[in-house]
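Encoded as structure tokens, the structure appears first; notes follow it.
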Amino acid sequence: MTGKVVVVNLGRSEGMGEARRLATWVAVAEAAGAEVIPIALLPFGRPRLRDALRRGAHVLTARAVPESLAWNSRAALDEIRRLDPVAVVCVTSRTYDPSFHKLSPVVILDFVDKLSTSYRDRAAVTGGVARLGWLSLAGAHRRFEARASRASDAVKVAAGRCDAVALDARWLPNVVEREDAVDQRLARFDLLFFGNLSYAPNIAAVRRLAMLWPLLVAERPGTTLLVAGARPVPEVERLCAQHGWTLRADFPDLRALCSSARLAIVPIDHAAGIQNKVLEAASVGLAQVLTPAVMSGLDTAFPAAVADDDAGLVREAVALLDGYGRREGLAAAALGHVRTHYAAAAWTSWFSTATTLPAGTKGTLPDP
């Protein structure tokens, strides 16, 4: 395809998931031959009164979400109008404005994940006033998602496979760059868990690791664990010290991190969208043990060991740590799988079709 594709995003400096999703759209669109222009919305500033009132009406009627009140849509609309794109991609519903449809023949609403569920899950692991805030946002997004799923004016996409089904959207996963497998023969640690360690679902995962740890060391004495990620909260620091785990607050190089462990474990119960940590580990050939919640964001053929409960996580972890052949086979299968199914080139045909169909025919889009 030819022409300009505008990818609007909030532009948060701490939004690593948003940055990863933006990178996916840039990679897929450029591979399809488009000129990609990312636009960060927060730098446009807050809306003026008239703009805020208009957007407030959209929020009340579930045509937009409350977070859209954080940016100046009038300034953003003027910039997009000037660019005259063939398509506008909205990275999460937080960046969506119904007026985008007046500026481009194609608007892609990328939910990324089902934010109503994500906010509800955050409320489940958060207390106090913050819990009420998450629940309020969950309700607003649930109403928006219900309305958007019935509308036919936007191409609807989600990164998580099960989220895409729930939202009546097309599944477009995050893509990964081609990497060579790491050499784990000199790995210092048995297990690895990594991610943003101030993010509530990841904190809950570390908490779960602490609960199952006595079972694991009873089954396999001497097992070691590396916990890595940015901004570890005091609870994470305390649990690591209590159980003798190594905590690495920052890791500049993913390959070096993954080469230091034999197996990744992701005991997340509340997983929204697609877990980038899983794709990243697979892209360098690290075998993994996942929960069904994590697996739900991936395609059903994704090579990983899946366990329903703590006993299953322990059983799979021990079997893979002690079974070199099975572990290496699973790692190689995962590496090959992401190279085939999670590369930008795998989605360019779908993207070209999605951005060239005439208005009113979005329902005829083939599955990617």
Side-chain angles (χ1 to χ4, degrees), residues 8-10 17-18 21 25 41 47 52-71 73 87-104 106-126 130-174 200-201 269-274 292-293 296-298 350 354 357 359-368:
V8 291
N9 58 97
L10 288 179
E18 179 187 63
R21 192 58 173 172
W25 281 110
L41 297 175
L53 291 174
R54 179 186 66 86
R55 192 81 59 78
H58 287 163
V59 173
L60 289 174
T61 57
R63 299 180 68 206
V65 297
E67 296 94 321
S68 67
L69 294 168
W71 49 273
S73 66
V88 174
V89 179
C90 302
V91 178
T92 80
S93 52
R94 304 180 185 106
T95 69
Y96 175 76
D97 188 298
S99 298
F100 289 159
H101 294 279
K102 301 176 183 178
L103 307 179
S104 174
V106 176
V107 174
I108 297 177
L109 171 56
D110 181 10
F111 291 101
V112 183
D113 58 47
K114 199 169 186 289
L115 279 173
S116 61
T117 301
S118 178
Y119 285 147
R120 187 195 64 201
D121 289 345
R122 294 188 198 187
V125 294
T126 308
R131 181 174 185 273
L132 297 178
W134 290 127
L135 288 174
S136 176
L137 284 172
H141 278 263
R142 184 170 59 251
R143 292 186 292 273
F144 174 81
E145 290 162 357
R147 189 184 190 285
S149 67
R150 298 191 300 269
S152 60
D153 50 352
V155 177
K156 294 174 284 292
V157 171
R161 177 178 54 82
C162 284
D163 285 337
V165 173
L167 292 164
D168 192 26
R170 303 293 174 174
W171 181 57
L172 176 70
N174 286 345
D269 287 324
H270 301 286
I274 194 166
S296 70
L298 304 160
W350 175 88
L357 281 177
T361 61
K362 303 301 183 294
T364 65
L365 270 174
D367 288 324

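The first residue in the sequence is number 1, and the count goes up from there.
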Heavy atoms only: give me the nearest [X]-[Y] pair and the separation to one decimal.
X	Y	result
L69	A52	CD2-O, 3.9 Å
T61	A57	OG1-O, 2.9 Å
Y119	E67	OH-OE2, 2.5 Å
L109	A154	CB-CB, 4.3 Å

How many angstroms lie between atom [atom1] of [X] and atom [atom2] of [Y], to the nearest 0.5 angstrom?
X	Y	atom1	atom2	answer
R142	L135	CZ	CG	9.0 Å
L137	L115	CG	CG	9.0 Å
S116	F111	OG	CZ	9.5 Å
E18	L10	CD	CG	5.0 Å
E145	L167	CD	CG	5.0 Å

Looking at W71, does the NZ or CZ of R55 lie under 6.0 angstrom from its six-membered ring centre and within 45 degrees of the ring axis?
->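 That pair qualifies as a cation-pi contact.
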
Is it true that a side-chain atom of [X] and a backbone atom of [Y] form a donor plus acceptor pair closer than 3.5 Å?
X	Y	result
W171	A159	yes
S118	K114	no
S136	L132	no
R147	R143	no

Determine, for D168 against K156, whether the closest basic-nitrogen to carboxylate-oxygen distance falls under 4.0 angstrom.
->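 No, D168 and K156 are not salt-bridged.
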
Residue list, side-chain hydrogen bond (donor to acceptor under 3.5 Å, both in side chains) with R54, at least two apart or on another chain =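 Listed in chain order: D51, S73, D97, S99.
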
For D113, which residues count as a side-chain hydrogen bond (donor to acceptor under 3.5 Å, both in side chains) partner, sequence neighbours excluded?
->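 Listed in chain order: nothing, the list is empty.
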
In this structure, which one of I274, N9, L172 forms a side-chain contact (heavy atoms from CB on, under 4.5 Å) with R21?
->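 Option passing the side-chain contact (heavy atoms from CB on, under 4.5 Å) with R21: L172.
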
Would you call the rings of W350 and W25 parallel, tilted or perpendicular, where under 30° means parallel and over 60° means perpendicular?
->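 Tilted: the ring planes of W350 and W25 meet at 30° to 60°.
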
Parallel, tilted or perpendicular, as decided by the 30° and 60° cut-offs, for the rings of H101 and Y96 =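 Answer is perpendicular, since the angle exceeds 60°.
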
Where do I108 and C90 land on the side-chain contact (heavy atoms from CB on, under 4.5 Å) test, with the steps shown first?
-> CA-CA 6 Å; I108 297 177; C90 302; over 6 Å; no

